[in-house]
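The block underneath contains the structure these notes are about, expressed in structure tokens.
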Amino acid sequence: MRPARVIIDLAALRHNYQVAKRLHGGKVFAVIKADAYGHGAVACAKALQGEADAFGVACIEEALELRAAGIQLPILLLEGLFEASELALVCEHRLWFAVATPEQVAMLEHHTVAAPVHVWLKIDSGMHRLGIAPAEAKSMAERLQATGKLASLNWMSHFSRADEPEESTTQQQTECFDQATRGESGESSLSNSAGILAHPRAHRSWGRAGIMLYGSSPFAERSAVELGLRPVMRFESQIISTRQLESGEAIGYGGSFVTDKPMRVGVVACGYADGYPRLAGTGTPIAVNGRLTRLVGRVSMDMLTIDLTDLPDAQVGTPVELWGEQVPVDAIAKRAGTISYELLCHVKRAAFSWQDDTKD
Ligand SMILES: *Cc1c(COP(=O)(O)O)cnc(C)c1O
């Protein structure tokens, strides 16, 4: 069997959720959209069932998958409804949803509901993606209340630059949100992971923890370890071939890497079709049986090549960690010019398994 595989550490996931709770106080949504950032939404939701206050997902399809698996906790649709026909399912499955556009307000006005609904009115406090303009917050709230269809009206907004700790935008967005919602009752939620970790003044009654749950740092300059987070995904494979090369020999497609000394090279069964980023070039860290070495040459679809010159014991069958405990996914993301979110979401083909070490 091809040795590329992914092991998800559910005890680490719970640990990271507890970190989010401790830092934020109040309640915290565990954001498990996009199949829990590639970690398996159902397994992650089950592991967090006894801890989490509620879950956050991107769309009703993701919420229904959780309900079908027996998840009973509240689930918030972070982007709200895409069409009015979803209202019936929202009522049937007791889902909470964001209302982030005037069109979504109108949806609630024009369609009946089988039971009162919990809505989170999303304010555009400066990100300018989704959300109601601050000046219209109160009138939209009045329109929603006037429908008589609400079980509760709550408030949310999203930060555009909370991962830049010195950034004053977050403070401005917080002030904008406070002003737009002044005098209103209901719960409120502002902070994503970066807000939870770096902006205590932006904490409200609910946080929304995403990337930090998976043990990755939202910040360019602070590592997950420094933040007390534990990696949840371990992406591993094995060496499937080794060879000794002379100085001056080219490796892989395009011959982009040429040895400058005699070198021992290993081939690992993992490539961009497994979700390993092709843009991670020569020098990207990789752990061979617990020891760090580097990629050499281009990543291909099914394989990548690594420097084994200083690892004479490494041979066919030796385990390799692509990312996990020894190689932070954030380091690979940096090398590939992207963020961990994208890498975590894109792992595929490799065989997944979930471990729940309850000794923790
Ligand atoms: C994805 C998402 C989050 C979680 O963000 P992280 O940066 O992963 O913590 C929070 N809120 C909303 C609205 C989101 O879409």
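Atoms within each ligand, like the ligands themselves, are counted from 1 in listed order.
Each of the atoms 1 (C), 4 (C), 5 (O), 6 (P), 8 (O) of ligand 1 lies under 4.0 Å from some heavy atom of Tyr37. Residue-ligand proximity, His158 to ligand 1, at heavy-atom distances under 4.0 Å covers atoms 10 (C), 11 (N), 12 (C), 13 (C), 14 (C). Atoms of ligand 1 lying under 4.0 Å from any heavy atom of Ile211, numbered from 1 in the order shown and given with element: 6 (P), 8 (O), 9 (O). Annotation for ligand 1: atoms under 4.0 Å from non-hydrogen atoms of Gly210 are 4 (C), 6 (P), 8 (O), 9 (O).
Under the 4.0 Å criterion applied to side-chain N and carboxylate O atoms, Asp310 and Arg291 are not assigned as salt-bridge partners. Using a cutoff of 4.0 Å between basic side-chain nitrogens and carboxylate oxygens, Glu184 and Lys138 are scored as salt-bridged. Under the 4.0 Å criterion applied to side-chain N and carboxylate O atoms, Arg204 and Asp178 are assigned as salt-bridge partners. Using a 4.0 Å cut-off between charged side-chain N and carboxylate O, Arg234 and Glu325 make no salt bridge.
Protein heavy atom closest to atom 14 (C) of ligand 1, with residue, atom name and distance, is Lys33 NZ, 3.0 Å. Shortest contact from atom 9 (O) of ligand 1 to any protein heavy atom: Ser193 OG, 2.5 Å. Atom 7 (O) of ligand 1 has its closest protein heavy atom at Tyr341 OH, 2.7 Å. Regarding atom 10 (C) of ligand 1, its nearest protein heavy-atom neighbour is Arg208 NE, 3.5 Å.
At least one side-chain heavy atom of Pro277 sits less than 4.5 Å from a side-chain heavy atom of Leu343.
Judged purely by atom type and a 3.5 angstrom limit, Asp274 has no side-chain atom pairing as donor or acceptor with the backbone of Tyr276.
Using 4.0 Å as the threshold, Phe29 has no heavy atom nearer than that to any atom of ligand 1.
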Requested in this report: Evaluate side chain to side chain donor-acceptor pair (under 3.5 Å) for Ser217 paired with Arg222, printing each intermediate quantity in order.
Outcome: CA-CA 7 Å; Ser217 170; Arg222 283 164 79 192; over 6 Å; no
